[in-house]
2 protein chains.
Amino acid sequence: MKKTYSEENYLKTIYHLGKSESKVSLKAIADALENNPASVIDMLRKLKEKELITYDKTQGAILTSPGEIAALDIIRKHRLWEVFLVEKLNYDWDEVHHIAEQLEHIHDEQLAKKLDDFLGNPEFDPHGDPIPASNGKMPVYANKRLSEFEINQTGTVGSVRDTSTPFLKYLKQLNLGLGSKIKVLDKLDFDQSMVITIDDSEPKTVSSKMTDNILLITA
Amino acid sequence: MKKTYSEENYLKTIYHLGKSESKVSLKAIADALENNPASVIDMLRKLKEKELITYDKTQGAILTSPGEIAALDIIRKHRLWEVFLVEKLNYDWDEVHHIAEQLEHIHDEQLAKKLDDFLGNPEFDPHGDPIPASNGKMPVYANKRLSEFEINQTGTVGSVRDTSTPFLKYLKQLNLGLGSKIKVLDKLDFDQSMVITIDDSEPKTVSSKMTDNILLITA
DNA sequence: GTTGTAAATTAGGTAAAACTAATTATGTAT
DNA sequence: ATACATAATTAGTTTTACCTAATTTACAAC
C-alpha cells in the first residue's frame with residue numbers, strides 16, 4: 001500500500017512520540033508537526049481507516065504492526081541518507097536534517113538496500129541514532145558508562161572503551177564480558193568506586209577508572 | 001522564488017519539448033505529462049503569472065530567462081542523481097529514470113554542487129546526455145560519427161575514437177583537428193568512403209575506416 | 001459539585017493540482 | 001466555402017491536506 005508524503009510524516013512522528021511518551025495524544029502530534037489539531041484529527045482518521053494506527057481519545061495514537069513497519073522504513077531511509085550526506089558529501093552533521101526529511105520520502109524498492117550497502121551498512125547515523133535494519137530491527141547499542149549508573153540500576157555490557165590487554169585481562173578475571181549483566185549495589189562518594197554484581201554472582205568493588213571504560217545497554 | 005514539484009515538472013517538460021520542436025503547444029505538454037489539457041492550461045497561466053514562461057495559443061509556451069534557469073537546474077540535478085545511482089549504487093542505466101524524477105526535486109542550496117564534486121564533476125549522465133553546469137551552460141559534446149552523416153551535412157570535430165599515432169599523423173596531414181569544420185559533399189555507396197571539405201578547403205576523399213573514428217558536434 | 005482550562009472534535013472553508021464535459025477556435029481537405 | 005477534425009478554452013468538480021472558528025468533552029482546582 002503506497003503512502004503519501006504526509007502520511008509518512010505522521011507515521012514517523014507517531015513512532016518517535018511513542019518512544020518518549022506513553023500516550024501519543026492528538027495535541028502532541030499537532031505540536032510536533034506544527035499542524036492544527038483539526039488537521040491532525042483528519043489525518044488520524046485516515047490512518048486509522050488504512051489500519052496503520054489505532055486511535056481514540058483516551059489511548060491516543062498507536063501504530064499497528066504495518067504502521068510500525070512503515071515508520072521504521074522511513075526512519076531507516078532518513079538515517080541512511082544522513083550518513084550519506086555527512087560521510088560522502090561532507091555536510092556537517094547539523095546541516096543534514098532538513099535534506100534527509102525530503103530524501104526519506106523517495107520511493108524505490110531497491111534504494112534503501114543499495115544505499116545501505118554503498119555506505120558499508122552503518123549501524124548509526126551521524127547523530128548516533130541507530131539505523132533500523134530492513135526487517136525493522138534496531139541495533140542495540142551501548143551508550144551509557146557504568147560510572148553514570150545509579151544505585152540499583154542494571155544494564156548489559158555492550159562495549160569497552162579501553163581495549164588494552166591489561167584492562168581486558170582484568171575483566172576476564174572478574175568474569176565480565178560483552179553481554180554480562182551488571183547491577184550497581186553501591187556507589188562510594190569519596191572515590192566514585194562502585195560495588196556491583198556481575199551476572200548475579202557475589203558483589204565486587206571496582207574503581208572509577210574501571211567503571212568509566214565500560215559501556216552498557218540500558219533496559 | 002520557490003517552486004512546487006509540479007511547477008518544476010512543467011518547466012522541465014517545456015524545456016525538453018522546446019529543444020525538439022519549434023513550438024511547444026499545450027497539447028504537446030499535455031501528452032508529455034499525460035495530463036488533461038484543461039489541467040495544463042491552468043498551470044500555464046500560473047507559470048505565466050510568475051513570469052517563468054510566456055504563453056499564447058499561436059506561440060505556444062516559451063521559457064523566460066528565469067524559467068530556463070530553473071529548468072536547467074532541475075535537469076542538472078536529475079542527471080547528477082542518475083550518475084550517482086548508476087556509478088555509486090550500481091543501478092543499471094535503464095532503472096534510474098523514475099528515481100531521478102523524484103530526487104531532482106530535493107531542495108537544498110548546496111546539494112547539487114556537493115553531489116557534483118563527489119561524483120567528480122561528470123559532464124554526461126549514464127545515457128550520454130550532457131549535464132548543465134551550475135551556470136546553466138551545457139557541455140558541448142561530440143556524439144555523431146562522420147560515417148553517419150548525410151550528404152551536405154556539416155559538423156565540428158569534437159573527438160577522435162582512435163588515438164593511435166598513425167591515425168593522428170594522417171589527420172595532421174589532412175589539416176584536420178579538434179574544431180575543424182567538416183562538410184560532406186558525397187558518399188560512395190560501394191565502400192562507404194566520403195568526399196568532404198575540411199574548413200572549406202579543397203575536397204578530399206576519406207575511407208570509412210577514417211570516418212568511423214571521427215566524432216562530431218552537430219549544429 | 002461547580003467552574004475554568006486544556007484537549008478533542010465538528011463544521012465549514014481554502015489552495016493546489018488534478019479531473020470531466022461542454023464549448024469555441026483553428027486549420028485542412030474537399 | 002463549408003465541414004470536419006484537432007486544439008484551445010471555459011465551467012464546474014474532486015481530492016488532499018491544510019486552515020479558522022465554534023463547540024463539546026475531560027479533568028483538575030477550589
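Chain identifiers are assigned alphabetically (A, B, ...) following the order of the sequence lines, protein sequences preceding nucleic acid strands; residue numbering begins at 1 within each chain.
In the set C:dA8, D:dA17, D:dA8, D:dA17 carries the atom at the smallest distance from any side-chain atom of A:T4. Of the candidates D:dT10, D:dA8, D:dT25, the closest approach to any side-chain atom of B:S25 belongs to D:dA8.
Atoms CE (A:M43) and C1' (C:dA8) sit 18 Å apart, rounded to a whole Å. In this entry the distance linking CD1 of A:I41 with P of D:dC19 reads 14 Å, nearest Å. Distance, B:Y55 OH to D:dA8 P: 5 Å, rounded to whole Å. One atom, CD of A:E34, and another, C1' of D:dC19, lie 15 Å apart when rounded to the nearest Å. If you take CD1 of A:I29 and C1' of D:dA17, they are 15 Å apart, rounded to a whole angstrom. The distance from atom CG of B:D42 to atom P of C:dA18 is 9 Å, rounded to the nearest whole Å. Protein atom OH of A:Y10 is 12 Å distant from nucleotide atom C1' of D:dT16, rounded to whole Å. Atom CG of A:D56 is separated from atom C1' of D:dT25 by 14 Å (rounded to the nearest Å).
Between the A:K183 side chain and the A:N152 main chain, no donor and acceptor come within less than 3.5 Å of each other. Remark: side-chain polar atoms of A:T13 are not paired, donor with acceptor, to backbone N or O of A:I29 under 3.5 angstrom. Of the possible polar contacts, one joining the B:D199 side chain to the B:K181 backbone as a donor-acceptor pair under 3.5 Å is found. A donor-acceptor contact shorter than 3.5 Å is absent between the side chain of A:Q59 and the backbone of A:D56.
A donor-acceptor pair shorter than 3.5 Å can be found between the side chains of A:N9 and A:H105.
Within the structure, every side-chain polar atom (N or O) of A:S6 is placed at least 4.0 Å from both OP1 and OP2 of D:dT16. Listed pair B:K46 / C:dA16 fails the phosphate criterion, with no side-chain N or O lying under 4.0 Å from OP1 or OP2. Close to C:dT20, at under 4.0 Å from its OP1 or OP2, lies a side-chain N or O of B:N36. Look at B:K27 and you'll find a side-chain N or O under 4.0 angstrom from OP1 or OP2 of D:dA7. Proximity of B:S39 to the phosphate of C:dC19: a side-chain N or O atom is located under 4.0 Å from OP1 or OP2.
Counting non-hydrogen atoms under 4.0 angstrom, A:T58 reaches nothing in the nucleic acid. No engagement by B:Y5 is indicated, since no non-hydrogen atom pair under 4.0 Å with the nucleic acid exists.
Toward the 5′ end of DNA chain D lies the nearest nucleotide of B:R45, the other residue of the pair B:R45 and A:V40 mapping further downstream.
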